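Reminder, nothing fancy here: chain letters follow the sequence lines and each chain counts from 1. Computed from a predicted structure; not experimentally measured.
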Amino acid sequence: MSDECVYVMVCSWAGGERPPFQVQELVEYAAGLKGVAAAFLIPRLCKSEGREQARALLKNSKANRVVLVGCHDSGFRAEFAKLMEGSGLSPYGLEIANVRELAAYIHPPEAALRKAKAMMAAAVEKMRAWNPPPTFLEGRTLRRVAVIGSGLTATLASRELVAQGLEVEVIVPKNQISTPPSYIFADEKEMKRGHSTLKELEAKVKVLWGKRVIRCEGVPGDFELEMESAEGISRARYGAIILAPEPCLELRDLEGRPVQESRMANSNHISIVVLPGGRSSGTDCSCISPRATLFALKAKANASNLSISLLGRELRAMGKMEALQRQAQCLGVTFYRLQGEVHWQGSGPYEISFQDSLLGPIRLKADLVLRDSITNAEAEELARIFKLPLDDKGDILRMDSRLRPGETVRAGILACRYRLGNMLFEDLEREAAAAAARAAELLKGNARREGALAQVDKEKCSACLSCVRICPYSAPRIGEGGKAEVIPELCQGCGACAPLCPSRAIAMHMDTEEQIYAQTRALLRCLG
Amino acid sequence: MRIIGFVCEHGGASAFRLAGERKLELPTEVALISLPCLGRLDVMHILRAFREGADAVFVAGCLEGNCHHLYGNIEAAKRVEQAKRILEQVGLGKERLEMFHLSSDQSWKAKEVAELMLERAKEIGESPLGVRG
Amino acid sequence: MIVGEQKPLEEIFRMLSGHERILVAGCRSCVAVCHAGGEKEVSILAEALRLRASLANHPWKVEEITVERQCEREWVEAMGPLVKGKDAVLSLACGVGAQTVQVLYPRIRVLPGLNTSHMGAPDMPGVFVEKCGGCGDCLLHLTGGICPIARCAKSLLNGPCGGSQNGRCEISPEVPCAWDQIVRSLEAMGRSDLLEEPIPPKSWLTARDGGPRRTVIPTAVISEEQRKMKGERP
């Protein structure tokens with residue numbers, strides 16, 4: 001690496017805090033390290049004035065790698081990477097040594113200085129061992145999203161996407177959008193929002209009725225979907241895909257039939273008991289859910305001669321639901337706190353018996369017994385077609401919901417959850433919005449990938465399929481020559497494949513073997 | 001004593017940095033090498049650390065089921081087991097290597113891990129390979 | 001593929017005692033696929049040897065090489081520069097590869113780093129199971145595509161035996177009964193009729209029992225005369 005030219009920039013500590021050691025000593029130490037062309041002390045590297053100073057130093061310099069020495073700030077790396085790019089340098093030629101958190105704050109002063117020097121030496125060695133990665137060609141990014149689903153979630157997602165300025169095609173396997181039961185809406189406003197969405201969208205999105213996706217190929221920014229319908233097979237290309245499998249949110253009777261709201265409004269003197277869900281019913285909860293409460297409230301408001309009892313171990317009534325639950329109580333809906341199992345006899349009318357934790361044994365007569373449940377037929381099928389794993393509850397597995405909301409293991413394919421415990425309209429809206437926002441984010445820039453990726457050396461590859469099988473993102477595949485290749489648009493640079501390859505054919509562009517060994521050597525030398 | 005800790009950016013490194021922000025005191029004998037994900041960890045990285053003179057090595061990353069890249073921590077666990085077997089057979093002893101799971105907010109656990117490994121290293125004694133010329 | 005497993009390190013250390021300059025040689029073929037002797041295993045074993053050498057005061061100096069296929073002389077010949085000066089080659093290839101190295105370097109001791117065991121396939125990643133008995137007289141067409149020589153513990157030609165319990169072999173609940181699988185396979189393809197004709201006693205001449213086998217493909221043979229015409233030395 002004879003052309004390596006490392007610039008070290010040491011932050012001189014911000015604010016009124018005094019560093020435990022002389023920061024200037026770090027600068028002098030850095031200047032003496034092999035490969036370091038220059039070392040600087042810069043006040044407030046994290047602020048714009050510090051960055052400007054850094055930019056000025058890099059301009060017209062021979063520096064091609066930078067080590068920053070200071071504190072940890074989660075946004076800082078991204079900012080500085082942009083600065084590097086702006087200065088004509090690769091954003092990956094940057095290493096940050098957090099001497100504040102990992103040395104100054106945790107050790108007594110003398111030891112802290114020694115540790116800081118060791119960390120700097122390791123960071124410099126890591127940068128010396130670095131080679132700029134190849135830049136991959138800019139891929140095509142289609143700003144068109146496919147939303148797959150036949151219910152309200154699909155339309156809500158479409159609305160969000162349209163608001164983001166994207167072209168939307170809704171692929172509906174059925175011949176109409178199914179309407180959810182009225183009791184998922186907490187109030188009139190929500191109901192209006194839900195129903196108006198369908199009308200609003202008619203002019204703005206293209207709907208493909210009665211089409212079922214059978215195959216998905218491609219990369220984020222450029223997917224190809226193959227669909228079948230009564231008219232035959234068709235294909236279309238999209239930048240991102242949102243899977244919105246529609247949950248069936250109706251309460252069901254004991255035979256599994258969804259309850260007919262209209263039928264109840266017209267009957268006299270029906271007594272209804274609603275049992276809680278539980279894992280087998282898909283709600284994962286043996287509580288009285290907000291949905292059950294809303295159902296009771298609406299039913300009672302429409303037909304006051306209905307007698308409705310709700311059973312559950314706990315009552316879930318968060319936020320505005322609390323007022324609605326009280327309203328239901330005032331209208332005469334009875335809430336029982338269930339203890340143990342519910343037993344019933346008969347086949348309509350039924351005799352229900354159970355234990356209430358305060359009132360003791362209770363016997364009820366009911367014309368209709370309903371069960372709180374959420375089912376979904378579409379999720380498993382979609383997971384199969386799109387080659388996505390399911391989680392332990394049978395829903396499409398999604399990535400961390402804080403860091404990567406709406407994302408599945410495949411980049412560019414988003415999914416809305418269908419099982420969320422309560423599943424009210426606000427939950428459907430939230431899921432749809434998260435997926436749509438993420439899709440819009442992904443399609444904002446260009447589908448260009450470079451830097452922190454894995455690459456296969458085909459000369460060495462034994463085509464053993466280990467990398468193909470292990471990758472969480474399905475990035476490696478066997479290419480035309482019968483050897484493995486990593487699709488750059490899918491690779492996330494996690495590195496799980498490289499140590500597994502039995503022929504050491506996979507190299508990482510960042511955190512390379514050389515870089516890791518260089519850091520190891522430097523640290524052990526300085527620690528001793 | 002010289003102890004190297006291989007940590008993942010998301011779980012391990014974050015927990016240690018948080019320990020720093022909380023001004024917890026950590027043993028000076030421990031230094032970290034950060035990886036994008038524990039899945040990046042190779043048996044060779046561990047063995048090389050010992051050959052370069054580490055007295056103990058630990059691997060610290062995300063809690064089971066919480067790996068940002070799905071199961072990098074599970075992959076690392078398999079490789080740590082293989083490395084332990086090798087360390088035992090070559091005569092360094094498998095106690096010099098250990099794997100821990102923690103989440104990014106468990107700063108107290110980062111301190112615990114560092115102190116535990118230092119204890120271990122002191123119990124077993126310096127690595128016979130530790131004296132560098 | 002050929003499946004092998006690395007010998008325990010203690011055994012390898014014993015084999016290497018008395019040696020000094022060691023070449024660890026791997027192969028990118030079968031043994032790489034079963035994670036026993038590819039470049040990765042070579043590098044890890046070499047590192048383990050270096051650690052052991054320092055700890056137990058062995059004079060070992062270890063170098064590494066991995067070739068495309070260790071059973072072919074051209075590739076093994078290419079190892080020449082690295083083999084030169086060594087007094088032992090620790091081969092991580094299958095037994096075939098190890099022997100090929102020995103033939104080409106008769107004065108150097110070739111040590112087997114693997115226990116080569118069977119011809120098999122991964123039932124799932126990382127789990128390699130014996131599939132083919134190498135009997136030289138394949139009858140998979142009569143057994144629904146399942147080899148009774150390799151997969152039946154008794155190599156029965158007309159099974160199952162009385163030890164077949166719930167589809168498992170009596171030797172271990174982890175081993176499926178091959179004949180149970182054979183019957184089910186034939187049923188699935190609608191050829192249970194094949195079970196009605198007993199398979200006659202096998203001639204084991206074509207198997208290992210007849211001695212080491214020699215297979216000649218005339219169209220691939222390059223004759224002495226051809227070599228001379230090409231100008232190759234014998």
Side-chain angles (χ1 to χ4, degrees), chain B residues 2-4 6 33 35 38-59 69-99 121 124-133, chain C residues 4-17 19-20 22 24-26 28 31-66 90 92 111-115 122 124-128:
Chain B
R2 290 180 284 188
I3 301 170
I4 296 282
F6 289 99
I33 293 178
L35 302 171
L38 278 195
R40 179 70 190 96
L41 183 72
D42 197 326
V43 172
M44 276 300 276
H45 301 156
I46 299 172
L47 297 183
R48 188 64 69 86
F50 281 107
R51 195 147 76 88
E52 297 281 348
D55 299 299
V57 171
F58 68 87
V59 176
H69 292 288
L70 222 55
Y71 42 53
N73 49 3
I74 297 178
E75 284 298 294
K78 296 180 208 166
R79 296 164 198 167
V80 167
E81 280 313 301
Q82 184 185 1
K84 275 186 172 184
R85 278 196 299 273
I86 294 174
L87 289 173
E88 190 67 16
Q89 291 184 75
V90 301
L92 267 175
K94 61 183 191 294
E95 302 79 24
R96 291 189 192 271
L97 171 66
E98 201 54 75
M99 172 142 183
I124 309 172
E126 270 184 7
S127 161
L129 301 172
V131 182
R132 309 285 300 154
Chain C
E5 241 180 286
Q6 222 173 87
K7 281 182 177 290
L9 280 179
E10 282 111 42
E11 203 185 325
I12 295 179
F13 296 155
R14 275 198 304 273
M15 280 195 293
L16 288 173
S17 82
H19 287 286
E20 208 178 299
I22 299 157
V24 182
R28 291 190 196 289
V31 294
V33 181
C34 64
H35 293 263
E39 188 176 324
K40 173 181 71 154
E41 307 306 324
V42 166
S43 65
I44 291 175
L45 180 60
E47 194 72 2
L49 292 180
R50 292 181 192 110
L51 282 170
R52 182 65 180 174
S54 295
L55 289 165
N57 274 318
H58 290 301
W60 302 334
K61 302 255 177 320
V62 185
E63 284 187 68
E64 307 159 38
I65 188 171
T66 305
L90 179 63
L92 284 188
L111 306 166
L114 294 197
N115 286 325
M124 47 185 178
V127 181
F128 300 90

Distance-minimising heavy-atom pair for [X] and [Y]:
| X | Y | answer |
| --- | --- | --- |
| B/Gly91 | C/Leu55 | C-CD1, 4.2 Å |
| B/Gln89 | C/Arg52 | O-NH1, 4.0 Å |
| B/Val90 | C/Ala48 | CG1-O, 3.5 Å |

Side chain, backbone, both or neither: which part of B/Arg48 has a heavy atom under 4.5 Å from chain C? both
CZ (B/Arg85) and CG (C/Leu9) are apart, to the nearest 0.5 Å, by 10.0 Å
Distance in Å, B/Leu47 CG paired with C/Arg50 CZ, rounded so as to fall on 0.5 Å steps: 10.5 Å
Under a 4.5 Å cut-off applied to non-hydrogen side-chain atoms, are B/Gln82 and C/Ile44 in contact?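 Yes, at least one pair of side-chain atoms sits under 4.5 Å.
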